[in-house]
A.B. asks: 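Following this message is one structure expressed as structure tokens.
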Amino acid sequence: ESSRAPCFNEETQIFEPKSSDAFYGPFHILLNIEIFDLTRFRQNKSFHCKRCLQLICNRNGKDNAALHLWWENVKFNDQFLYKDILEPIDLVRRIIANHIACDSLSFLSPIIKIIFESSLPSTGQKVNLLLQVMDKNLKLLKLDKEKFKLVEWTSIKVMYLILDKAGDADDERTLKYWQKDINTMTFEFSFKMFTIFTEYLATQSEIIPQIYRFNNSFQLSYIEM
């Protein structure tokens, strides 16, 4: 409708859904807060489960009129949106695998860079994880502890850097450099997912001898596919 107000705010660069809109991405869904019973929510920007204190969603947009719900915290008929996703880390691996598959269709086969962005729950400070794919189809041997034998598994080799120091000039410069690169894709996800993924990368990095683990402040790791 021509008279309808735009649902994308050019000034804030944030989608502001109307009551009939639903915007969704790989890690979240954005809905208008008017469709919810506001008496069930406290008047703040983050909503947590009163029983387990799990972060469910955030308010954002103009006048905080939009609800940002994270997929890993939302189930439909006792299932996640992606029915074959059992753990939050599986969702991250799925998104990375799909992104690599799409880029593989390019004749130029560009360098694959991904920025994962999140916010600290306490302060709202932005934190970023820079991830660059080094090898798309790597075969490694892994010990099967139940069968006590080595099995071959497919992974991708990556190098990553966590930017979480507020006001750090080097972090700001590195982030802007990546953001200007046309090969870089940016995803936003919850701080819970940010923590799960960084812990996963750190654990996988332990496969690599410490002397070879770091390269120009980036850390090498593997992601199972």
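We use all heavy atoms of the structure for the numbers below, so side chains are in, but hydrogens, waters and symmetry mates are not. Keep in mind that what you see is a predicted model, and the values were worked out from it rather than measured.
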A.B. asks: According to side-chain hydrogen bond (donor to acceptor under 3.5 Å, both in side chains), who are the partners of S221, at least two apart in sequence or on a separate chain?
C.D. replies: none

A.B. asks: Locate the shortest heavy-atom distance separating F191 from S119; write the atom from each residue and the value.
C.D. replies: CB-O, 3.5 Å

A.B. asks: Is S19 reaching over with its side chain to a backbone N or O of E34, donor-acceptor style, under 3.5 angstrom?
C.D. replies: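 Judged by distance alone, no pair lies under 3.5 Å.
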
A.B. asks: Under 3.5 Å, is there a donor-acceptor pair between the side chain of T154 and the main chain of M225?
C.D. replies: no

A.B. asks: When rounded to the nearest 0.5 angstrom, what distance separates CE in M134 from CZ in F218?
C.D. replies: 10.0 Å

A.B. asks: What heavy-atom pair brings S190 and S118 nearest, and what distance separates the two atoms?
C.D. replies: C-OG, 3.2 Å

A.B. asks: Check which hydrophobic residues are tied to F214 through side-chain heavy-atom contacts below 4.5 Å, counting indirect links as well, and list them.
C.D. replies: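 Direct or chained contacts put F214 with none.
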
A.B. asks: With sequence neighbours left out, what residues match Y177 under ring pair (Phe, Tyr, Trp, His ring centres under 6.0 Å)?
C.D. replies: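 Per chain and number, Y177 pairs via ring pair (Phe, Tyr, Trp, His ring centres under 6.0 Å) with no residue.
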
A.B. asks: Return the CG to CG distance between D21 and L30, rounded to the nearest 0.5 Å.
C.D. replies: 9.5 Å

A.B. asks: Evaluate the side-chain proximity of K139 to L141: yes if any heavy-atom separation is below 4.5 Å, no if none is.
C.D. replies: no

A.B. asks: Begin with the C-alpha distance, continue with both residues' side-chain angles, and end with the deciding distance and a verdict on side chain to side chain contact (heavy atoms under 4.5 Å, CB included) for R93 and I96.
C.D. replies: CA-CA 5 Å; R93 291 203 298 251; I96 293 174; 5.8 Å; no

A.B. asks: I need the minimum non-hydrogen distance between L161 and S217, along with the two atoms involved.
C.D. replies: CD1-O, 3.3 Å

A.B. asks: How long is the span from the CG atom in L220 to the CD1 atom in I207, to the nearest 0.5 Å?
C.D. replies: 11.5 Å

A.B. asks: Give every residue pair that meets the salt bridge (Lys or Arg N to Asp or Glu O under 4.0 Å) criterion with at least one member in residues 159-172, sequence neighbours excluded.
C.D. replies: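 Listed by first then second residue: K165-D171, D170-R173.
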
A.B. asks: Taking the side chain as every heavy atom from C-beta outward, state whether I114 and T184 have any pair of such atoms under 4.5 Å apart.
C.D. replies: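 No - every pair of side-chain heavy atoms lies 4.5 Å or more apart.
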
A.B. asks: Let me see the working for L163 and L129 under side chain to side chain contact (heavy atoms under 4.5 Å, CB included), right down to the final yes or no.
C.D. replies: CA-CA 6 Å; L163 306 179; L129 170 65; over 6 Å; no

A.B. asks: I want to check something: taking the side chain as every heavy atom from C-beta on, are L138 and I156 in contact at a cut-off of under 4.5 Å?
C.D. replies: no

A.B. asks: Within the structure provided, determine whether L130 and L175 are in side-chain contact (heavy-atom separation under 4.5 Å).
C.D. replies: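 A side-chain contact exists here, since the closest heavy-atom pair is under 4.5 Å.
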
A.B. asks: Are the side chains of Y222 and D135 in contact, using a 4.5 Å heavy-atom criterion?
C.D. replies: no

A.B. asks: Just do the side chain to side chain contact (heavy atoms under 4.5 Å, CB included) check on V92 and F27 with the steps written out, would you?
C.D. replies: CA-CA 8 Å; V92 184; F27 299 104; 4.1 Å; yes

A.B. asks: State plainly whether one hydrophobic cluster holds both F187 and L120, where clusters connect Ile, Leu, Val, Met, Phe, Trp and Tyr through side-chain heavy atoms under 4.5 angstrom apart.
C.D. replies: yes

A.B. asks: Find out if a path of hydrophobic residues (ILVMFWY) with successive side-chain heavy-atom gaps under 4.5 Å connects I223 to I115.
C.D. replies: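 Looking at the clustering, I115 is in a separate group from I223.
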
A.B. asks: Taking the six-membered ring of W178 as reference, does the cationic atom of K113 (NZ for Lys, CZ for Arg) lie under 6.0 Å from its centre and within 45° of its axis?
C.D. replies: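 Yes, cation above the ring, under 6.0 Å and within 45°.
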
A.B. asks: Any non-hydrogen side-chain atom of V127 less than 4.5 Å from a side-chain atom of F194?
C.D. replies: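 The answer is yes; the side chains approach within 4.5 Å.
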
A.B. asks: Treat each ILVMFWY residue as a node, draw an edge where side-chain heavy atoms are under 4.5 Å apart, and state whether W153 and L201 are in one component.
C.D. replies: no

A.B. asks: I need the M185 CE to I95 CD1 distance, nearest 0.5 Å.
C.D. replies: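 Between M185 CE and I95 CD1, I get 10.5 Å after rounding to 0.5 Å.
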
A.B. asks: For I111 and Q132: C-alpha separation, side-chain torsions, deciding distance, then whether side chain to side chain contact (heavy atoms under 4.5 Å, CB included) applies.
C.D. replies: CA-CA 8 Å; I111 297 173; Q132 180 170 336; 3.4 Å; yes

A.B. asks: Determine, using the 4.5 Å side-chain heavy-atom cutoff (strictly less than), whether I211 and M159 are members of one ILVMFWY cluster.
C.D. replies: yes

A.B. asks: I need the E188 CD to E117 CD distance, nearest 0.5 Å.
C.D. replies: 5.5 Å

A.B. asks: Out of curiosity, L31 CG to Y24 OH, how far, rounded to the nearest 0.5 Å?
C.D. replies: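 Spacing of CG (L31) from OH (Y24) equals 12.5 Å.
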
A.B. asks: Pairs in or reaching into residues 212-225: which pass salt bridge (Lys or Arg N to Asp or Glu O under 4.0 Å), with residues at least two apart or in two chains?
C.D. replies: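 Output for this query lists K142-E224.
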
A.B. asks: Is there a side-chain contact between V133 and H99 in this structure, where contact means two heavy atoms from C-beta onward sitting under 4.5 Å apart?
C.D. replies: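 A side-chain contact is absent here, since even the closest heavy-atom pair is not under 4.5 Å.
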
A.B. asks: Do N32 and L67 come close enough that some side-chain heavy atom pair is under 4.5 Å?
C.D. replies: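 The answer is no, as the side chains (C-beta and beyond) never meet within the 4.5 Å cut-off.
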
A.B. asks: Please identify each residue that fulfils ring pair (Phe, Tyr, Trp, His ring centres under 6.0 Å) with F197, with sequence neighbours left out.
C.D. replies: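 Partners of F197 by the ring pair (Phe, Tyr, Trp, His ring centres under 6.0 Å) criterion, ordered by chain and then number, come out as F116.
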
